[in-house]
Each structure stands twice: as C-alpha cells, then as structure tokens.
Amino acid sequence: MSVNKEVKRITTNTLLRMKEAGEKISMITAYDFSFAKIFDAAGIDVILVGDSASNVMAGHETTLPITLEQMIYHAQSVIRGIDRCLVVVDMPFGYYQSNSDIALASAIRIMKETGGHSVKMEGGKEVLDSIKRIVSAGIPVMGHLGLTPQSIYKFGTYTVRAKEEEEANKLRADAKLLEKAGCFGIVLEKIPAALAKEVSESISIPTIGIGAGNYCDGQVLVMHDMLGINTEFKPRFLRQYLNIHDLATNAVMQYIKDVKSRDFPNEHEQY
Ligand code: KIV
C-alpha cells in the first residue's frame, strides 16, 4: 500500500513518510480553480501555486513582476478546487528578501487569506532568517535551490546551475541549512543529476526536482509546459504529455467555421 493511498489529505508529514518509504512525490503547478480540481481528482500529491503565474498567466517575461495580491488571488482559486493534495504557494519576489519582518507578514497573509497549506521561498543562506521566523510561526516552508528564477538578472541566463564546484558546494551547504531551519522539502531546479542525487541522499527532507534528474524524491513541472499549452518552451528536461495548443486551436477554428456557416447552433442546441 502506498503512503499516498493511506491518507485522506496529503500533509507535509505525508511527504516525509513518502521519502522514507521510497515513494516518489508528484507535483504540478496550477493557478486556477478548474485545473486544480482536475489535478487533485487525478491524484496529484502537491499543487504549487507558482510565481510562474507571472509568465504563463500574465505573459510577463520573468517571475519578478507578480505581486503578493496576485499570488493570493491565484492561491484562493486553487484552494477552492482541491480536496486532498497539499498546496504550496510561492512567495513572490520583493515580499521576503528585504527583511524577516516583511517576510513573516507576507507568509501570514498568504496563509490567512488563501487557505494554502505552505509557502515556498527561493534561496539558501541569504533568506535563512526569514525562513526560521516563518517556520517558528507554524507555517511550513519549502525551499528552492539551483536555478532560482527570481534571481535571473543575477544569473543572466536560464542555463544549468551548480556545474562548477564552488556553486555546487554552496548548494550542498544551503540544502543542509534549509533542512536544519525546518523546511519540509526543497525544490532543486536545473542542476546536474549527480549533484541532485547526492543532495537528496544527504538530507532527510524530500527534494523535488525540475530538470534535476531522476534521483530526486519527487518531480514538478509547470502545467502549461507539460500539457503543451505553451509550446515555445522546449527545454531538454520537459516531457510534454499533451498538445493543448493544437487541440484548442483546432477546436476554436472549427467553432469559428460552424458559426460563420450557420451550422451552429442547430435545432437541438436552441430553446
Ligand atoms: O513558479 C514555479 O512554477 C516554480 C517551479 C518551476 C518549481 O517555482
């Protein structure tokens, strides 16, 4: 019997038990009620209300512009759609980096106003004080290391991180710090698979990989990428399970044709 099937609701403890049992954790992003409902009913373990909403929902080039209010709106919509999975809400850029008072206030707003179950924050040592205060307030925190998109202007590129020893050592140390600070999991984004394996084996909390190979304790993908809504983004790590872009285009083209030709609505589709 899988740990996932034993529980009525997935909690942060369930994820820890899944890691201990060697059961992989499935995580996907969602930003609205309808998709959250589909993913939850399909049996997903974790929904991430990612700040990738800034890209895929709002059309921005980076995740930096999204506001706390916008994240709260998306998280509220997701929460209305789910019964069982754990919901992690991204803390947006600018609402936790400056000091731990602001970070704690942002996390409290997310928890109070959305009904979300936890928050996610990018970074290691730099944001450790904030993480500790948020955890002390009883709010579960997921870390995020490797390619942290909120720092894209520092990196200058979306290429694989921690290939050099110095950056890999910092990541190893940061993972330990996040574990010690009480994080319940860590997203590892776009780092070498061997490093992700080593980090996953060196800490007791689950790692969730995106472009970090098969040895992480779980995997996360952005829904628009894996469902083929956004077909322009084709990194090597992405497996596209559907092509909604083409399906939706064909459906809408057919609808337009039917309206123009007066085929729609027919006598059965009217009152
Ligand atoms: O915002 C997001 O979608 C994320 C994932 C890429 C992990 O942080």
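Ligands are counted one by one from 1 in listed order, and the atoms in each one are counted from 1 as well.
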**OP:** Number the atoms of ligand 1 from 1 as they appear, then name those within less than 4.0 Å of a heavy atom of Thr29, with their elements.
**Re:** 3 (O)
**OP:** Could you tell me which atoms of ligand 1, counted from 1 in the order shown, lie closer than 4.0 angstrom to a heavy atom of Asp51?
**Re:** 1 (O)
Subject >> SB check Arg172 Glu165 (cutoff 4.0 Å) >> reply: yes
**OP:** In plain terms, say whether Glu201 and Lys197 are close enough for a salt bridge, that is, a side-chain N and a carboxylate O under 4.0 Å apart.
**Re:** yes
Original post:
Which atoms of ligand 1 sit under 4.0 Å from any heavy atom of Val222?
Top reply: 3 (O)
Original post:
Counting N and O atoms only, with roles assigned by atom type, does the side chain of Ser118 sit under 3.5 Å from a partner on the main chain of Val87, one being a donor and the other an acceptor?
Top reply: yes
Original post:
Which residue owns the protein heavy atom closest to atom 8 (O) of ligand 1, what's the atom, and how far is it?
Top reply: Lys120 NZ, 2.9 Å
Subject >> Glu126 bridged to Lys170 by N-O distance under 4.0 Å >> reply: yes
**OP:** Would you mind running through ligand 1 and noting each atom that sits below 4.0 Å from a heavy atom of His144?
**Re:** 8 (O)
**OP:** Answer yes if the ring centres of Tyr31 and His224 are under 6.0 angstrom apart, and no otherwise.
**Re:** yes
Subject >> Close approach of Met27 to ligand 1, heavy atoms, under 4.0 angstrom >> reply: no
Original post:
Between Lys24 and Asp45, is there a side-chain N and carboxylate O pair less than 4.0 Å apart?
Top reply: no
Subject >> Identity and separation of the nearest protein heavy atom to atom 3 (O) of ligand 1 >> reply: Ser52 OG, 2.5 Å
**OP:** Look at atom 5 (C) of ligand 1 and find which of Ile208, Leu48, Leu147 reaches it with the closest heavy atom.
**Re:** Leu48
**OP:** Apply the test side chain to side chain donor-acceptor pair (under 3.5 Å) to residues Ser151 and Glu122: give CA-CA distance (whole Å), side-chain angles for both, the deciding distance (0.1 Å), then the verdict.
**Re:** CA-CA 9 Å; Ser151 303; Glu122 297 184 6; 5.0 Å; no
Original post:
At a 4.0 Å threshold, what atoms of ligand 1 neighbour a non-hydrogen atom of Asp90?
Top reply: 1 (O), 2 (C), 8 (O)
